[in-house]
Amino acid sequence: MAQLPMHDNLLAVYPHIIQRLQSINGVKVVKEAGELAELANGLREKRRIAPLDGAVYVVYGGSKPTTQVGNGRFQTERLFFTFAYCSNYLSGSQSQLYEVGRVLTAIQQSFAGWLPESGLTVSAFERTESPAIEYHDSFALYPIGFAVDVTTYSYH
């Protein structure tokens, strides 16, 4: 029987996601969920926020258990991630939507079907339904969702 790739860290693939996003043309910087929370708090408090055009915020959306074997020692779960691309939606009088589409396509092409090295996952990344686009005073967050299966183990 073949050895399944498994880890003792549910999110072992996370640093590889960050690296992959950083290599995509059009992505200026990769930020994490905490920085997105700071942005959201600033917007709620009506502070003047200037998010970085071209930033991608990585949000871990939780997991869903799919299988369990060995009295629960081995657990396969589906992980959900959203990558929210930030863009000024108006630059002078010209729409930036075409450029947004180019970067979102590059993200999709980079992740759809990606099977990370080192056996970090037991499936390739798959596109999932994305949350709604969020429009703000001068920028928008364009989310794109993915899911991937991982197997973890625990020592009892």
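Only a predicted model underlies this, so the values are computations on that prediction, with no experimental measurement involved. Below, each value reflects all heavy atoms present in this structure, side chains not excepted, and no hydrogens, waters or symmetry copies.
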Point to revise | Minimum-distance pair of heavy atoms, taken over all atoms of Leu115 and Ser123 | key: CD1-O, 3.3 Å

Point to revise | Considering all heavy atoms, the nearest Pro143-Ala132 contact | key: CG-O, 3.6 Å

**Study point:** Over all atoms of both residues, closest heavy-atom pair of Ser87 and Tyr142
**Key:** CB-CE1, 4.0 Å

Check your understanding: Which is it for Leu11 and Leu79 under the side-chain contact (heavy atoms from CB on, under 4.5 Å) test, yes or no, and what are the steps along the way?
Key -> CA-CA 8 Å; Leu11 296 172; Leu79 307 180; 4.0 Å; yes

Check your understanding: Please walk me through it: do Trp114 and Thr121 pass side-chain contact (heavy atoms from CB on, under 4.5 Å)?
Key -> CA-CA 10 Å; Trp114 176 50; Thr121 65; over 6 Å; no

Review point. Which pair of non-hydrogen atoms, one from Ser63 and one from Leu10, has the smallest distance, and what is that distance?
Key: OG-CD2, 4.3 Å

Exercise for review: Hey, could you give me the CD/CD1 distance between Glu129 and Ile144, rounded to the nearest 0.5 Å?
Suggested key: 13.0 Å

Exercise for review: Check whether any side-chain N or O of Ser130 sits under 3.5 Å from a backbone N or O of Gly145 as a donor-acceptor pair, and report yes or no.
Suggested key: yes

Study note, to complete from the structure: For Ala147, the side chain to side chain contact (heavy atoms under 4.5 Å, CB included) test, sequence neighbours excluded, returns Arg78, Phe80, Thr128

Exercise for review: For the pair Asp53 (side chain) and Asn88 (backbone), establish whether a donor and an acceptor sit closer than 3.5 Å, ignoring hydrogens and angles.
Suggested key: yes

Point to revise | Distance flag, aromatic centroids of Phe111 and Phe125, threshold under 6.0 Å | key: yes

Practice item. Taking all non-hydrogen atoms of both residues into account, name the closest pair between Glu32 and Tyr14 and its distance. Key: OE1-OH, 2.8 Å

Review point. Considering residues at least two apart in sequence or located in another chain, which fulfil the side-chain hydrogen bond (donor to acceptor under 3.5 Å, both in side chains) criterion with Gln108?
Key: Arg127

Practice item. Report the C-alpha separation of Thr76 and Thr151 in whole Å, then their side-chain angles, then the decisive distance to 0.1 Å, and conclude whether the side-chain hydrogen bond (donor to acceptor under 3.5 Å, both in side chains) test is met. Key: CA-CA 4 Å; Thr76 300; Thr151 298; 2.9 Å; yes

Check your understanding: Of all residues at least two apart in sequence or in a different chain, which pass the salt bridge (Lys or Arg N to Asp or Glu O under 4.0 Å) check with Lys64?
Key -> none

Exercise for review: Would you please name every residue forming a side-chain hydrogen bond (donor to acceptor under 3.5 Å, both in side chains) with Arg102, sequence neighbours left out?
Suggested key: Glu99

Exercise for review: Determine, stepwise, if the pair Ile107 / Val56 fulfils side-chain contact (heavy atoms from CB on, under 4.5 Å).
Suggested key: CA-CA 10 Å; Ile107 292 170; Val56 173; 4.2 Å; yes

**Study point:** Close side-chain approach of Phe83 and Ile17, heavy atoms under 4.5 Å
**Key:** yes

Practice item. Using a 4.5 Å cut-off on heavy atoms from C-beta on, say whether the side chain of Val100 contacts that of Tyr85. Key: yes

Check your understanding: Listed by chain and number, what are the side chain to side chain contact (heavy atoms under 4.5 Å, CB included) partners of Ser110, not counting sequence neighbours?
Key -> Arg20, Ile24

**Study point:** Contact summary for Ala112 and Phe146, nearest pair of heavy atoms
**Key:** N-CE2, 3.6 Å

Exercise for review: Go through Glu77 and Thr66 one step at a time and tell me if the side-chain contact (heavy atoms from CB on, under 4.5 Å) criterion holds.
Suggested key: CA-CA 5 Å; Glu77 298 191 40; Thr66 57; 5.5 Å; no

Exercise for review: Sort out for me which residue in Val29, Leu141, Leu52 forms a side chain to side chain contact (heavy atoms under 4.5 Å, CB included) with Cys86.
Suggested key: Leu141

Practice item. With sequence neighbours excluded, tell me which residues meet side-chain hydrogen bond (donor to acceptor under 3.5 Å, both in side chains) with Tyr60. Key: none

Exercise for review: Please check if the side chain of Thr152 supplies one atom and the backbone of Asn9 the other of a donor-acceptor pair under 3.5 Å.
Suggested key: no

